[in-house]
Engineer: 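Below is the structure I would like to discuss, written out as structure tokens.
Numbers here simply count residues along the sequence, with the first being 1. Read the numbers this way: they start at 1 and go in the same order the structure lists the ligands and their atoms.
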Amino acid sequence: MDRVIRVGLLGCGVVGTGTLQILRDNAASLTRRLGAPIEVRKVVAKDRDKPRHDVVRPEQLSFDPEDVLGDPEVDIVVELAGGLEPAGSWVRRALKADKSVVTANKFLLAEHGHELFGLAEDHGVDLYFEAAVCGGIPVIRVLREALASDSVLALRGIVNGTSNFILTRMQQDGLDYSVALAQAQEAGYAEADPSLDVNGGDASHKLTILATLAFGAKLVPSDVAVEGIEHLTALDMKMAARFGRVVKLLATGRSLPGWDGAPGPLDLRVHPALIPTTSPLASVSGALNAVHIEGERLGPCLLTGYGAGAMPTAMSVVSDLVDVGRNLLTHASGRVPQRAVSSAHLARRAVQAPTAHVGRYYLRFPILDRPGVLARIVGVLGAFDVPIEHMLQESRTPGSKEPVQVVVLTHAARDGNIRSTISEVQRLSGIAAPPVAIRLEEA
Ligand code: HSE
């Protein structure tokens, strides 16, 4: 065997170190599968003072990206730095130099995917990204290759490990939001910008990528209506349990029917939701992720596994290296369209306005326990056409001046009407604190 696949790593954090470990520990089986050994020429790190795992050999370590990007021997650039810049410039430069790229950078692909995949196509190289969505779950391969003969009607998932870890710890162990967040970050699940994990941004980047592949649509992150988990409280978790539900951050993509059988707009949303404890997604705990796909011919299909963490994510990076390496050895780079269809076949699809969505809600109104307050709330709900399915008012502790909670579960109502209800109720007298609205989904 005379061919070697030469790789340069940009980024040497949790996933970069995991990638080196798998490449070292599984070298023999990877060579057998690929048909050539993988050689890591350089590993470019950011922080000179950070202690390194012994898998990072001193002669490989560099702090200059030029050692990878300017090396004509490097076949595949592995970008694991995250964020938009300088990662974006590095990926552009690699593709323009006819090098294939493997990346875990969903932010970059969601924001600049059209440009970058176009560059890869123009240069006849691969841009692979299995690790960018749901860590170790091979969902990109499933959408790109396994479902080539089907049409995806809908997908719904838990696609951010950090927020799922936080919600699980809050629900199961009663931890405070900030304690659970610190634990998730310590475990290495967080993004380069950790606010993206809790404000729904990371999940919306992943949904943009998944929906592009699932629906063959040309999408950008602003097509997704996004709400994070920062405002969720232990009280709402307890209330959810009273109704046989748990709170999850869901990413949903649906192809809505149009007129005369034509495809209608896409419904793309990331938001917390109360789902029944009997739902398959309810038992997806901690850093686990899951994606439920509804295929027209396949029917339902649930993929689940670790969506964050060193080994699951690095496993996907290395599997991509094997695929891209095979393409290099057989001169078949670009054989499989990286986003299921080539850029020329991605079509712009209309997206449903968030206020037009019709769904059920959990509404919580903290009120002063005085006559007439409840009646006024019910009046506002009626005025905005929000039908009540269930209503409960907590009893007041004798002598307490604390507000009491009124919880309403609604039947289906328009999102716009729910928003109007909330702002109108807020103006009523006897309302002790801002009302809370969380979607109810059957997931
Ligand atoms: N920050 C991401 C998460 C890492 O928590 O899911 C994996 O994409």
Engineer: Take every heavy atom of G307, measure it against each atom of ligand 1, and state whether any distance is under 4.0 Å.
Structural biologist: yes
Engineer: Pairing donors with acceptors under 3.5 angstrom, does anything connect the side chains of R339 and T212?
Structural biologist: no
Engineer: Between Y189, F107, Y306, which one has a non-hydrogen atom sitting closest to atom 1 (N) of ligand 1?
Structural biologist: Y189
Engineer: Kindly check if the number of other-residue, nucleotide or ligand heavy atoms within 6.0 Å of CD (E442) is above 12?
Structural biologist: yes
Engineer: Does R360 come within less than 4.0 Å of E441, counting only side-chain N to carboxylate O?
Structural biologist: no
Engineer: Is any N or O atom of G161, backbone or side chain, closer than 3.5 Å to an N or O atom of ligand 1?
Structural biologist: yes
Engineer: At a 4.0 Å threshold, what atoms of ligand 1 neighbour a non-hydrogen atom of D197?
Structural biologist: 1 (N), 2 (C), 3 (C), 5 (O)
Engineer: Give the contacting part of N160 toward ligand 1: side chain, backbone, both or neither, where contact means a heavy-atom distance below 4.0 Å.
Structural biologist: both
Engineer: Of all the atoms in ligand 1, which lie at a distance below 4.0 Å from a heavy atom belonging to K206?
Structural biologist: 2 (C), 3 (C), 6 (O), 7 (C), 8 (O)
Engineer: Should the ring pair F107 and H205 be called parallel, tilted or perpendicular, given that the plane angle runs from 0 to 90° and is split at 30 and 60?
Structural biologist: parallel
Engineer: Out of L23, V15, T103, which residue meets the side-chain contact (heavy atoms from CB on, under 4.5 Å) rule with V317?
Structural biologist: V15
Engineer: Name the closest protein heavy atom to atom 5 (O) of ligand 1, giving the residue it belongs to and the distance to 0.1 Å.
Structural biologist: T162 OG1, 2.6 Å
Engineer: Among all protein heavy atoms in this structure, tell me which lies nearest to atom 2 (C) of ligand 1, with the distance rounded to 0.1 Å.
Structural biologist: E191 OE2, 3.0 Å
Engineer: Between T233 and D236, do the side chains contain an N or O donor and an N or O acceptor separated by less than 3.5 Å?
Structural biologist: yes
Engineer: Given side chain to side chain contact (heavy atoms under 4.5 Å, CB included), test T304 with N289 step by step and report yes or no.
Structural biologist: CA-CA 6 Å; T304 185; N289 281 192; 6.0 Å; no
Engineer: N/O to N/O below 3.5 Å, does that happen between N289 and ligand 1?
Structural biologist: no
